[in-house]
Novice: 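Would you mind keeping the following structure in view while I ask a few things?
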Amino acid sequence: MYKTANCSAVKLAFDEYRTFKGMASGRPIIFLHGLLGNKLNNRGTSKHLSRTLSKVIYCLDLRNHGDSPHNPNHDYPSMAQDVECFIRDHHVKQPIVIGHSMGAKVAMSLALRDAKTCSMLISVDNVPKPNTGNDVTAEISKFKKYLNVLRAAFTGPGVSLKSVDSRLELVEPSQRIRTFLMSNIKKDYGSGDVYCRIPIDILYRNINKIFEFPYQHEVFNGPCLFVRGTDSHFIQDTDEEAIQSRFPHYKIEDIKAGHWIISDNPQKFRETVKRFIRENEKYLSA
């Protein structure tokens, strides 16, 4: 088993959703966001899934994101260990783990480190291997640009929410994606100071690790769904061999969307996830 070196787990911030009536049904769900995201990204989908599946859902802030603590180590063994400790500390029994992008690799790492930790895996637009290839490299470069812009935005005086958004607009024309990125920028209305709540330098130093994947020999035999955005490049047809070798009981579902599948096509994503969970949960032992 691949263990974390010289790293202590951090206590993760989280939101819990119980929007159903009556008793919870089956296993709970843990939802993991992607790079530069936070636990609020999947709030709407979590409320919907909780209500329609009668499940408790935990949306976590991964380390160095949202309200969770900062730590100089930002790699998949470290992030998976954080989630393992959350599961243990909150007595979450064999959850269904859903992760998007970086969160998908955390979810895959969690399953491969200890198959007993989770019951089902849903990987949203990522694969159990390093992200390579010209098309996906172009998408990865966007994240590096975002971090560079955020770092530059806070190097001088006179920082405002508007000035940060204006800088981001130079590299990201999509208002929707900029709104997502700007969720990391906060204003103290007492002092008037604008600050970034994520450790930009830590993430930038570890950016290459985020697009790697350290688990190349372990196997998870539980049900796995890989959700692929048809307009994204993160899951290629050539990646299926890597998926099958790590997760033999897998299924790939295509959704008309880019990399931001959950917000690009929320209705199709929700229906796909519900169908997969309902089809597979009945075969799992209680």
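For the single chain, residues carry numbers from 1 onward in sequence order. Here the structure is a predicted model, which means the values were calculated and not measured.
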Novice: Please list all pairs meeting side chain to side chain donor-acceptor pair (under 3.5 Å) that have one or both residues in residues 136-146, counting only residues at least two apart or in different chains.
Specialist: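 Of all non-adjacent pairs touching residues 136-146, those that pass side chain to side chain donor-acceptor pair (under 3.5 Å) are Y146-E172.
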Novice: For D67, is there an ion pair with R197 - N to carboxylate O distance below 4.0 angstrom?
Specialist: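 Here R197 pairs with D67 in a salt bridge, since their nearest N and O are under 4.0 Å apart.
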Novice: Under 3.5 Å, is there a donor on one side chain and an acceptor on the other for N131 and K105?
Specialist: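 A pair is found: one side chain offers a donor N or O, the other an acceptor, under 3.5 Å apart.
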Novice: Check whether more than 12 heavy atoms from other residues, nucleotides or ligands sit under 6.0 Å from atom NZ of K11, and answer yes or no.
Specialist: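 12 or below, so no.
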Novice: Test side chain to side chain contact (heavy atoms under 4.5 Å, CB included) on F276 and E253; report intermediate values, then the result.
Specialist: CA-CA 10 Å; F276 176 78; E253 288 272 2; over 6 Å; no
Novice: What pairs with E169 under salt bridge (charged side-chain N to carboxylate O under 4.0 Å, His left out), at least two apart in sequence or on another chain?
Specialist: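 Salt bridge (charged side-chain N to carboxylate O under 4.0 Å, His left out) check on E169 returns nothing, list empty.
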Novice: Under the side-chain hydrogen bond (donor to acceptor under 3.5 Å, both in side chains) test against R228, which residue among D125, D237, N126, D239 passes?
Specialist: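 Going through D125, D237, N126, D239 one by one, the side-chain hydrogen bond (donor to acceptor under 3.5 Å, both in side chains) with R228 is satisfied by D237 alone.
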Novice: Can you tell which of H90, Q94, R88 makes a side chain to side chain contact (heavy atoms under 4.5 Å, CB included) with V92?
Specialist: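 Testing each of H90, Q94, R88 against V92, the sole residue satisfying side chain to side chain contact (heavy atoms under 4.5 Å, CB included) is H90.
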Novice: Examine Y76 together with Y215 and report whether their ring centres are nearer than 6.0 Å.
Specialist: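 Centroid separation for Y76 and Y215: 6.0 Å or greater.
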Novice: Answer yes if the side chains of E241 and S245 hold a donor-acceptor pair under 3.5 Å, and no otherwise.
Specialist: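 No - no donor-acceptor pair under 3.5 Å links their side chains.
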Novice: For the pair K274 and E271, evaluate salt bridge (charged side-chain N to carboxylate O under 4.0 Å, His left out) and give the outcome as yes or no after the intermediate values.
Specialist: CA-CA 5 Å; K274 287 188 292 185; E271 293 305 314; 3.0 Å; yes
Novice: Assess, by modelled atom type and distance only, whether the side chains of R178 and Q175 contain a donor and an acceptor separated by less than 3.5 Å.
Specialist: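 The answer is yes; a qualifying pair exists.
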Novice: Assign the ring pair F143 / H259 to parallel, tilted or perpendicular, where the plane angle (0 to 90°) is split at 30° and 60°.
Specialist: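 F143 vs H259 ring planes: perpendicular.
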Novice: Between the main-chain N or O of K55 and the side-chain N or O of S50, is there a donor-acceptor pair closer than 3.5 Å?
Specialist: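 Indeed, once roles are kept as given, a pair shorter than 3.5 Å links the two residues.
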Novice: For a quick check under 3.5 Å, do N71 and S78 share a side-chain donor-acceptor pair by atom type?
Specialist: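 N71 vs S78: no donor-acceptor pair found between side chains.
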Novice: When you compare the side chain of F247 with that of S123, does any pair of heavy atoms fall below 4.5 Å?
Specialist: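 They are not in contact (no side-chain heavy atoms under 4.5 Å apart), so the answer is no.
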Novice: Between H65 (side chain) and R63 (backbone), is there a donor-acceptor pair under 3.5 Å?
Specialist: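 Between the backbone of R63 and the side chain of H65 there is a qualifying donor-acceptor contact (under 3.5 Å).
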Novice: Taking the ring centre of each residue, are Y58 and F86 less than 6.0 Å apart?
Specialist: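 Y58 vs F86: aromatic centres under 6.0 Å.
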Novice: State yes or no: do L168 and V194 share one hydrophobic cluster built from I, L, V, M, F, W and Y residues joined by side-chain heavy-atom distances below 4.5 Å, directly or via other members?
Specialist: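 Yes, it is one cluster - the side chains of L168 and V194 are joined through contacts under 4.5 Å.
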Novice: In the structure I gave you, are the side-chain heavy atoms of S174 and F180 within less than 4.5 Å of one another anywhere?
Specialist: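 With C-beta onward as the side chain, the pair stays apart.
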Novice: Do we see a donor-acceptor contact under 3.5 Å between the side chains of H33 and N41?
Specialist: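 The answer is no; no qualifying pair exists.
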